[in-house]
2 protein chains.
Amino acid sequence: MKPTVHDIASRAGVSLATVDRVLNRRPGVSARTREKVDQAVSELGFVRDVAAANLAKGRVYPLTFIIPSNDNSFMRGLRLALEEARARAGVERIAIQLVDVPAFDAAALAAALKDAAAEEPAGIAFVAVDAPDVTEVAAEISQSGIPLVTLVSDLSGAARDHYAGIDNAAAGRTAASLLGRFAGGRAGKVAVLAGSMLVRDHRERCDAFAAAIAREFSSLALLPVLEGRDDPDVVERLVADLFAGRDDIVALYSLGAGNRGLVRALRRLPAGRRPVVVAHELTETMREALTAGLIDAVLNQDAGHEVRSAIRVLKAKADGLPVVADQERIRIDIFLKDNLP
Amino acid sequence: MKPTVHDIASRAGVSLATVDRVLNRRPGVSARTREKVDQAVSELGFVRDVAAANLAKGRVYPLTFIIPSNDNSFMRGLRLALEEARARAGVERIAIQLVDVPAFDAAALAAALKDAAAEEPAGIAFVAVDAPDVTEVAAEISQSGIPLVTLVSDLSGAARDHYAGIDNAAAGRTAASLLGRFAGGRAGKVAVLAGSMLVRDHRERCDAFAAAIAREFSSLALLPVLEGRDDPDVVERLVADLFAGRDDIVALYSLGAGNRGLVRALRRLPAGRRPVVVAHELTETMREALTAGLIDAVLNQDAGHEVRSAIRVLKAKADGLPVVADQERIRIDIFLKDNLP
DNA sequence: CTGTTAGCGCATTCAC
DNA sequence: GTGAATGCGCTAACAG
């Protein structure tokens, strides 16, 4: 049978309460007693039953998620994932509060963070805008002991406890490899379409992509980066204008959102002029575009995984428990028309 | 506050025991009382606290895993994943028994299944060899009420409750797309290297791959399939012989294991003759080969995910609970040198 | 500093 | 058919 606190107590010759104090590193135990208990624990190979502990504690973790009120499919997916997490809130002993902030707005985010922290939740997760005022507020909050996790896009500096998102440099390199090899040695221009260079995930993808193209595909030359603000209409206009002005574009990397506009613009291009296209996030639009052959590959991050991971990490940090980094790594999914789920 | 059994009891005007009988569909409750309880449950939106229930029950699920004693990295990874699952056995209330069987041996597998079933575990997971005698035994076991899950490779017919593995047809198609596009329009032969056509995962990958190549890359022609029995030495000899006999091979798809041998053979090929290569399973060998440029892409299935999923499903089936199919889908990971974890 | 005791939400005897 | 009482493994008052 698995040893319980009772076994530890009798083995160490102390009471349940004392065992509990030692296990939870609470004060008020003599070094000698503590040692006896620790020894009993390791001798019997005791591991505490977390479920029973939570049952007894009846603790709930109030968590705050700050999400940009950006209306694209990815953010909608993120919200959906949060709703699902809320549905499981009872079992997981969490209470999620969702806060909206304008997209790409550092000042608004900083203010929202401050407000959230004032309510002293057990943890805060937020999609970072990588700007000094945000970093500053984040540092303050972190100092005050509230665990902080960045979601999807990270914050420079060490002002957060964890980042729940993909390796965006790897994503950029992967996009470059796929796009370069799919282009099959053709020479020409490569267009890059971002949302905003203010968010770190976009910047990292872009830099890594550019570097990889330059390094490995010398016949391809990058055009200046276009910023579509993750807005379908803006994106559509940008792409349409781009292709109207020249005919040497062989490939396009869309590293942000708002790809509904991209697909609309691509669809109007004569088939012969359509570039090799790699984009991000497997939305319904992207799925159709892949099937139709308008898009060649989609890199995806699973919003559900990211939310669940953020929650696990925040809870662990709140309890002062270690995080298994390997288990919390968010993968880059690659989808072709052939492996759509 | 979340309603508990106490709330249900007082609301329905009955005792705790009666509520419990109704919740667990045990007999000995009048229709009238049952109705009152059911109503209280739905009115209060009661959901039972699984953790507390398990604590009270003290139930453990004895699970048996039957794994081929095949010494390749993937199977080693699978065993490792099982060890990790065992480490969490206490918390998850499971007790895993591991049974070894010779690889690709239908008779041995059938016998092992029979033995395992005789001990009446709460569930059995096994890597299927798709042969009639296995199907037959599986059907018997399934009839007897023991939940059955196939792992990594599936069984034809409906003689199992669930399959915890990737969509191998999608994997084959994906391999074809990557390989065809990476080959960049070059014309020539494509070699296919399998483990054994006796296991369904290999057959499915192979068929889907062949179909996709024929459909989409008319300049590529398939060579007869080679069977390496997932053995590095056999694989090395086969590949060496293959390339010694001809020089029109532009690509190679290795859909089985034993890729250590493949890499050895590739390494000895003059750089100019090296084909585009897509293989399966991200082992240490494959990681190095990707980095070195000997292999172009690796399709991977996460053994850890598969084991965890199998366990979740077996527990759910044992309790007669539904399985969220979507959540149990095992993804095909695609790795290039650029997104190695 | 240490021990006693009463739950957490649920399942399960054993009476009635 | 139904209910009261007890305990799963752990935590948290409250006493000493």
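Chain letters run A, B, ... following the sequence lines, proteins first, then strands; residues in each count from 1. This one's a predicted model, so the numbers in the text were calculated from it and none came from an experiment.
Here the side chains of B:R11 and B:K36 are not in contact, with every heavy-atom distance at 4.5 Å or above. No side-chain heavy atom of B:H305 sits under 4.5 Å from any side-chain heavy atom of B:R331. Within the 4.5 Å cutoff, the side chain of A:N54 has heavy atoms near those of the A:K57 side chain. With contacts defined as side-chain heavy-atom distances shorter than 4.5 Å, the pair A:V134/A:F126 qualifies. When side chains are defined from C-beta on, A:E92 does not count as touching A:Y61, because their heavy atoms never get closer than 4.5 Å.
Atom pair B:H6:NE2 and C:dA11:C1' shows a separation of 12 Å (rounding to whole Å applied). Distance, A:L16 CG to C:dA6 P: 14 Å, rounded to whole Å. Counting to the nearest Å, the P atom of C:dA11 and the CD1 atom of B:I8 are 12 Å from each other. In this structure, CG of A:N24 is placed 11 Å from P of D:dC10, rounded to the nearest angstrom. What separates NZ of A:K2 from C1' of D:dC8 is a distance of 11 Å, to the nearest Å. Counting to the nearest Å, the C1' atom of C:dA11 and the CG atom of B:D319 are 14 Å from each other. The CG atom of A:D7 sits 13 Å away from the C1' atom of D:dC8 (whole-angstrom rounding). We find that CZ of A:R93 is positioned 15 Å from P of D:dC10, with the value rounded to whole Å.
For the contact set between residues 40-60 of chain B and DNA chain D, defined by any heavy atom under 4.0 Å, the members are B:L55, B:A56.
For the pair B:D161 (side chain) and B:L148 (backbone), a donor-acceptor distance under 3.5 Å is present. Side-chain N or O atoms of A:D302 include one that pairs as donor or acceptor with a backbone N or O of A:G304 at under 3.5 Å.
Taking every side-chain heavy atom of B:V5 into account, C:dC10 is the closest of C:dC10, D:dA13, C:dT2. Here the side chain of A:S15 is nearest to one of C:dT12, D:dT11, C:dT4, namely C:dT4.
Look at B:T18 and you'll find a side-chain N or O under 4.0 angstrom from OP1 or OP2 of D:dG3. Contact annotation: A:T4 does not reach the phosphate of D:dG9 (side-chain N/O to OP1 or OP2, under 4.0 Å). Distances shorter than 4.0 Å separate none of the side-chain N or O atoms of A:R34 from OP1 or OP2 on C:dC1. Close to C:dC1, at under 4.0 Å from its OP1 or OP2, lies no side-chain N or O of A:R32. Contact annotation: A:T33 side-chain N/O to C:dT2 OP1/OP2 distance is under 4.0 Å.
Of all heavy-atom pairs spanning A:M75 and A:N70, the tightest one is CB-O, 3.3 Å.
Put simply, the side chain of A:R21 and the base of C:dG3 share a donor and an acceptor less than 3.5 Å apart.
Within the 4.0 angstrom heavy-atom criterion, only backbone atoms of the sugar-phosphate kind lie near A:V14; the bases stay farther away.
Each of A:D20 and B:P27 lies near DNA chain D, and the nucleotide nearest B:P27 is the one positioned closer to the 5' end.
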